[in-house]
Amino acid sequence: MAAESGKVCPTMELAIEKLPNGKFGYYFVDHDARIIFWPEIVKSRELMNHVRGVTDKSHIRYALEAQYWKHCTLFPNMRALPGHVVDYLRDIIAYAHAESITSQTSLSPFDLDELSNMLSVVEHVKNNIEKVNEHSVCIVARYMDMFFRAKFVNFCGQLGARLDADQSLYDSNSKKKPKPILIRILNVALFNSPKIHSESIHNVWVDNTVVKPRWKKFISQLNSEWSSFTVFSTVMLAVDVSFLAVPGVDDPSIQSKPAVTVVIYLSTLCAMGSLVISLVLAGQVSDSRRSSAGSVADFMTSMSQSLFGIESLAFMLSLPFALLIWG
């Protein structure tokens, strides 16, 4: 009977899964403690979301509880919706809503509009408290999973917990090291724009994590900049072409072009480059990398592993402005 139902005791379940290599994996679920567990020692960096410095049991519990709510999201059937969990979730969302209003560096994984919608959904779910309703259970479990993952990543309740989204919990030697001479030269050539973008990126990408609302705000600011750059680049192109149309400025019969003509051609190339790069970058940020925090993190991780790390992304983002100035 226990094997058929998967229950070890009235408050526990046993979940079994066949892995791709043909072996079987398992875990136990304790609904009273709201955690998953194993009766043996298990070490897993994936379970800890590859977060460094996790030592305290109270901290590890957040990761285990997040996995518990993930289990409830996958298997929401045949279980009632506890009233105290719905009240606790409502309080978490209300606090995150207040924090997002009063702080520019909120740690909430959702923005104000999303939190407002979540509050209305929770109010609707309250009608199914202590009832067996898989849809309401799945909704609550999904929200709880996301909030507890955020608690774990931000070291909630621990010494040195992250209190602001731009606060790093680790000593970073990268900021203390002097920049390579090539990066410093390029920074001067590009009118200090790479340095400014680098600081903005490091305020969003902290300890290899990203808060989605801050990333969306960062991308919105970039889109606004690129839109203005395309307008200025178009104006510059029109001016350059009009200069080239003036009789005598670009005379094909003259083999050695005057300095004015060369400068106008260079200005045209820079304006065209700024326009094209702005359009390409605007198209790139509109793809799947904006859809979820996980996809954004994967993108930023791949950029961090490039030749110059995050600095390469900063140089790429600074090109439209720098080319426009050179033009």
Side-chain angles (χ1 to χ4, degrees), residues 1-17 25-39 42 47-49 56-101 106-158 212-213 292-294:
M1 187 68 181
E4 294 177 356
S5 62
K7 293 184 178 180
V8 178
C9 70
T11 61
M12 296 182 185
E13 294 178 3
L14 171 63
I16 301 176
E17 179 183 7
Y26 77 97
Y27 59 88
F28 286 94
V29 180
D30 189 336
H31 290 287
D32 282 349
R34 297 206 298 266
I35 60 171
I36 65 170
F37 69 95
W38 295 264
V42 175
L47 183 63
M48 299 295 110
N49 291 325
D56 195 87
K57 290 184 178 179
S58 62
H59 187 200
I60 296 174
R61 177 182 171 81
Y62 284 124
L64 297 177
E65 185 161 355
Q67 293 294 328
Y68 165 79
W69 291 115
K70 181 67 173 179
H71 169 83
C72 293
T73 302
L74 297 174
F75 307 102
N77 53 315
M78 294 187 296
R79 64 181 84 253
L81 181 63
H84 66 279
V85 172
V86 177
D87 292 336
Y88 182 63
L89 175 60
R90 182 192 58 198
D91 293 340
I92 291 178
I93 297 174
Y95 173 80
H97 194 278
E99 184 192 26
S100 299
I101 294 174
S106 171
L107 293 169
S108 171
F110 306 98
D111 58 29
L112 282 172
D113 292 336
E114 292 171 333
L115 290 170
S116 298
N117 293 332
M118 291 169 67
L119 277 175
S120 63
V121 171
V122 171
E123 290 298 324
H124 176 74
V125 166
K126 288 177 67 176
N127 297 327
N128 294 319
I129 287 178
E130 306 302 337
K131 298 179 182 178
V132 178
N133 187 300
E134 60 271 17
H135 298 97
S136 297
V137 171
C138 185
I139 291 171
V140 172
R142 186 181 293 271
Y143 288 165
M144 292 289 282
D145 176 25
M146 294 178 179
F147 279 113
F148 272 90
R149 288 179 186 273
K151 284 175 175 285
F152 174 73
V153 171
N154 294 317
F155 284 68
C156 178
Q158 306 302 310
K212 186 180 177 182
S292 67

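Computed from a prediction, not measured in an experiment: that's the story for all the values here. Counting from 1, the numbers follow the sequence of the chain as shown.
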message: Around atom OH of Y26, are there more than 12 heavy atoms from other residues, nucleotides or ligands closer than 6.0 Å?
response: yes

query: Within the distance-only criterion (no hydrogens, no angle test), does the side chain of D30 pair as donor or acceptor with the backbone N or O of D32 below 3.5 angstrom?
result: yes

task: Let me see the working for H97 and I101 under side-chain contact (heavy atoms from CB on, under 4.5 Å), right down to the final yes or no.
output: CA-CA 6 Å; H97 194 278; I101 294 174; 3.5 Å; yes

field: Close side-chain approach of H71 and Y27, heavy atoms under 4.5 Å
entry: yes

Within-4.5 Å side-chain heavy-atom neighbours: F147 and I93: yes

message: Taking CZ in R142 as the centre, count heavy atoms belonging to other residues, nucleotides or ligands within less than 6.0 Å. Is the count above 12?
response: no

task: Indicate the ring-plane relationship of H31 and Y68, choosing parallel, tilted or perpendicular according to the 30° and 60° boundaries.
output: perpendicular

statement: What one should report as the nearest heavy-atom pair of L89 and Y143 is CD1-CB, 3.8 Å

- prompt: Can the ring centres of H84 and Y88 be said to be less than 6.0 Å apart?
  reply: no

Spacing of N133 atom CG and R79 atom CZ [to the nearest 0.5 Å]: 13.0 Å

field: Heavy-atom closest contact (I92 atom, M144 atom, distance)
entry: CD1-SD, 4.5 Å

Basic-acidic side-chain contact under 4.0 Å: R90, D87: yes

task: Taking all non-hydrogen atoms of both residues into account, name the closest pair between S58 and Y62 and its distance.
output: O-CD1, 3.7 Å

message: Taking the side chain as everything from C-beta on, heavy atoms only, tell me whether M12 gets closer than 4.5 Å to V29.
response: no

- prompt: Hey, are the side chains of V86 and L81 touching, using non-hydrogen atoms and a 4.5 Å cut-off?
  reply: yes

query: Sub-3.5 Å donor-acceptor pair from the side chain of E114 to the main-chain atoms of D111, do we have one?
result: yes

- request: For E99 and S106, test the side chains for any donor-to-acceptor distance below 3.5 angstrom and give the result as yes or no.
  value: yes

- prompt: Of E13, Q67, E65, which meets side-chain contact (heavy atoms from CB on, under 4.5 Å) against I36?
  reply: Q67

- prompt: Pairs in or reaching into residues 67-77: which pass salt bridge (Lys or Arg N to Asp or Glu O under 4.0 Å), with residues at least two apart or in two chains?
  reply: none

task: Test side-chain contact (heavy atoms from CB on, under 4.5 Å) on L47 and L64 and set out the steps.
output: CA-CA 8 Å; L47 183 63; L64 297 177; 3.8 Å; yes

- request: With sequence neighbours left out, write down each residue that passes side-chain hydrogen bond (donor to acceptor under 3.5 Å, both in side chains) with H59, or none if nothing qualifies.
  value: none

task: Over all heavy atoms of both residues, which pair between R34 and V85 is shortest? Give the atoms and the distance, please.
output: NH1-CG2, 4.1 Å

field: V125 versus S136, closest heavy-atom pair with distance
entry: CG1-CB, 3.8 Å

field: For S100 against L115, the heavy-atom pair lying closest together
entry: OG-CD1, 3.7 Å

field: R149 side chain near D145 side chain, heavy-atom distance below 4.5 Å
entry: yes

- prompt: Are side-chain heavy atoms of M48 and F152 found at a separation under 4.5 Å?
  reply: yes

